[in-house]
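Because only heavy atoms are used, hydrogens play no part in the values below, and waters and symmetry mates are left out as well, while side chains stay in.
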Amino acid sequence: MTNTPRQIIIDTDPGQDDAVAILLALASPELDVLAITTVAGNVPLSLTSVNARKVCELAGRPDIPVFAGCDRPLKRPLITAENVHGKTGLDGIELPEPKMPLRPEHSVEFLIETFRRAPEKSITICSLGPMTNTAQALLKAPDIATRIERIVLMGGGFFEGGNITPSAEFNMFVDPDAAKVVFAAGIPLTVIPLDVTHQALTSKEWVDGLRKMNNKVGPAVAAWTDFFERYDMEKYGSEGAPLHDPCVIGYMINPALFTGRWINVEIETDSPLTVGATVADWWNVTGRKANAEFLRSIDRDAFFQLLSERLATYA
């Protein structure tokens with residue numbers, strides 16, 4: 001951890017938990033959010049691009065540039081998750097239509113231009129959805145791979161398996177071909193899989209605390225949590241729901257909250273049974289070169305304390 005804010009680009013498909021991740025990032029002085037790029041995933045691109053701007057305005061940050069990106073995976077039909085996130089992606093509370101405009105540039109072009117212009121290894125991509133935008137940028141401009149400081153991503157699973165199929169997590173399943181491009185690019189990767197996020201479960205006490213916050217943000221997050229909790233609690237029989245994407249931002253703020261190790265991770269793209277699986281060589285049985293820091297655990301209580309403290313700073 002340093003006193004200089006780390007520059008990040010948030011690539012996202014909001015989604016309630018993506019929205020909480022954005023709010024956490026914008027409330028954290030350790031991070032300098034250069035831009036938000038949107039992608040189709042939890043809901044179609046038209047909605048993720050609206051939702052990202054709604055969240056920026058809720059945070060009082062209409063100055064954050066938002067760029068719309070890819071509206072479909074590299075090679076496959078788009079699969080969305082309205083059954084989890086509702087028809088808007090941010091069901092649970094009605095937010096006003098955003099006044100801030102989308103930037104005219106496509107996310108992929110923005111990523112290419114930004115990494116070519118910025119000092120080498122000065123910007124991290126925080127990937128909260130399918131990695132289509134990043135993969136397209138790497139395919140169009142392979143030279144930027146050496147310029148990206150790191151990609152910290154929510155996706156995959158090993159011990160936990162999958163959440164949309166027995167072997168695949170949603171972000172990886174939606175665009176496994178994009179994930180394969182990213183994992184093969186030689187960029188330092190930190191993977192926050194379901195193994196971690198399923199430890200970061202909400203609680204009634206935590207949600208009640210948000211509801212009592214004397215600002216707009218806390219009650220909004222409580223309302224979103226009330227909505228999406230019902231799906232995960234019914235599915236897993238748990239007393240709370242995992243906050244997947246905020247874990248990415250939590251890692252950026254304080255990596256000491258997490259443990260893991262460097263291993264080889266490959267992405268399955270062919271098997272009809274396991275497409276989208278993150279084949280994580282946790283026990284080093286293949287001898288393949290490590291290409292990702294694969295996290296395994298989180299200090300759940302410290303993470304939720306950090307999240308509450310930062311959300312309470314909003315006016």
Side-chain angles (χ1 to χ4, degrees), residues 1-12 18 21-39 52 56 59 61-70 100 102-155 178-192 245-258 260 262 265 289-295 310:
M1 299 175 68
T2 66
N3 293 325
T4 303
R6 296 184 67 182
Q7 294 186 320
I8 66 171
I9 294 168
I10 299 176
D11 189 50
T12 181
D18 305 69
I22 293 169
L23 291 169
L24 176 58
L26 294 178
S28 296
E30 298 90 346
L31 304 177
D32 178 11
V33 181
L34 300 181
I36 295 172
T37 55
T38 62
V39 68
C56 288
R61 294 296 305 275
D63 57 301
I64 300 294
V66 177
F67 299 85
C70 298
M100 59 186 285
L102 274 174
R103 298 299 175 100
E105 195 174 5
H106 193 282
S107 291
V108 172
E109 298 307 318
F110 166 75
L111 289 171
I112 293 170
E113 292 172 9
T114 298
F115 282 105
R116 282 178 170 170
R117 183 177 63 246
E120 190 170 310
K121 297 189 181 299
S122 62
I123 303 170
T124 292
I125 296 175
C126 293
S127 182
L128 312 182
M131 290 187 282
T132 318
N133 288 335
T134 302
Q136 283 280 30
L138 290 166
L139 291 170
K140 286 190 172 186
D143 56 287
I144 69 171
T146 60
R147 306 192 65 81
I148 298 171
E149 180 183 22
R150 180 178 290 258
I151 298 174
V152 181
L153 65 104
M154 190 278 130
K180 190 165 188 172
V181 169
V182 173
F183 275 75
I187 301 164
L189 303 175
T190 295
V191 181
I192 302 180
D245 294 327
C247 290
V248 170
I249 306 303
Y251 176 89
M252 292 297 302
I253 296 167
N254 185 4
L257 296 177
F258 301 81
W262 281 87
V265 182
K289 182 179 178 181
N291 64 344
E293 181 187 28
F294 200 86
L295 302 186
R310 298 300 167 88

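- Taking every heavy atom of both residues into account, Ser122 and Ala118 meet most closely at OG-CB, 3.8 Å.
- By the side-chain contact (heavy atoms from CB on, under 4.5 Å) test, Ala141 is found to be paired with Ile112, Arg116, Asp143, Ile144, residues two or more places apart in sequence or in another chain being considered.
- Between Cys56 and Met100, the shortest heavy-atom contact is CB-SD, 3.8 Å.
- No side-chain heavy atom of Ile8 sits under 4.5 Å from any side-chain heavy atom of Val152.
- Across Ala292 and Val191, no two heavy atoms sit closer than the pair CB-CG2, 3.9 Å.
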inquiry  = For Val108 and Cys70: C-alpha separation, side-chain torsions, deciding distance, then whether side chain to side chain contact (heavy atoms under 4.5 Å, CB included) applies.
reply    = CA-CA 8 Å; Val108 172; Cys70 298; 3.9 Å; yes

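- Rounding to the nearest 0.5 Å places CE of Met252 at 9.5 Å from CD1 of Ile192.
- The shortest non-hydrogen separation linking Phe110 to Ala35 is CZ-CB, 3.4 Å.
- One distance of note links SG of Cys126 with CG of Asp18; it measures 12.0 Å at 0.5 Å rounding.
- The structure places OG1 of Thr37 at 9.0 Å from CD1 of Ile10, a figure rounded to the nearest 0.5 Å.
- Remark: side-chain polar atoms of Ser127 are not paired, donor with acceptor, to backbone N or O of Leu153 under 3.5 angstrom.
- Residue pairs meeting the salt bridge (Lys or Arg N to Asp or Glu O under 4.0 Å) criterion with at least one partner in residues 119-130, sequence neighbours excluded, are Glu120-Arg147.
- Formation of a donor-acceptor pair under 3.5 Å by the Asn291 side chain with backbone atoms of Phe183 is found in this model.
- Residues Leu295 and Tyr251 approach most closely at CD1-CD1, 3.8 Å, considering heavy atoms.
- Between Arg310 and Glu30, at least one side-chain N (NZ, or NE/NH1/NH2) sits under 4.0 Å from a carboxylate O, which counts as a salt bridge.
- With contacts defined as side-chain heavy-atom distances shorter than 4.5 Å, the pair Glu149/Ile123 does not qualify.
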ask   = Step by step, would you call Ile253 with Leu24 a side chain to side chain contact (heavy atoms under 4.5 Å, CB included)?
value = CA-CA 10 Å; Ile253 296 167; Leu24 176 58; 4.0 Å; yes

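- In terms of modelled atom types and a separation under 3.5 Å, the side chain of Thr124 and the main chain of Ile151 share no donor-acceptor contact.
- In this structure, the separation between CD1 on Ile125 and OG1 on Thr114 is 9.5 Å, given to the nearest 0.5 Å.
- Separating the OG1 atom in Thr12 from the CD1 atom in Ile36 is a distance of 7.5 Å, to the nearest 0.5 Å.
- Once rounded to the nearest 0.5 Å, the distance linking CD1 of Ile187 with CD1 of Ile148 reads 4.0 Å.
- Of all heavy-atom pairs between Pro5 and Leu31, the closest is CB-C, 4.0 Å.
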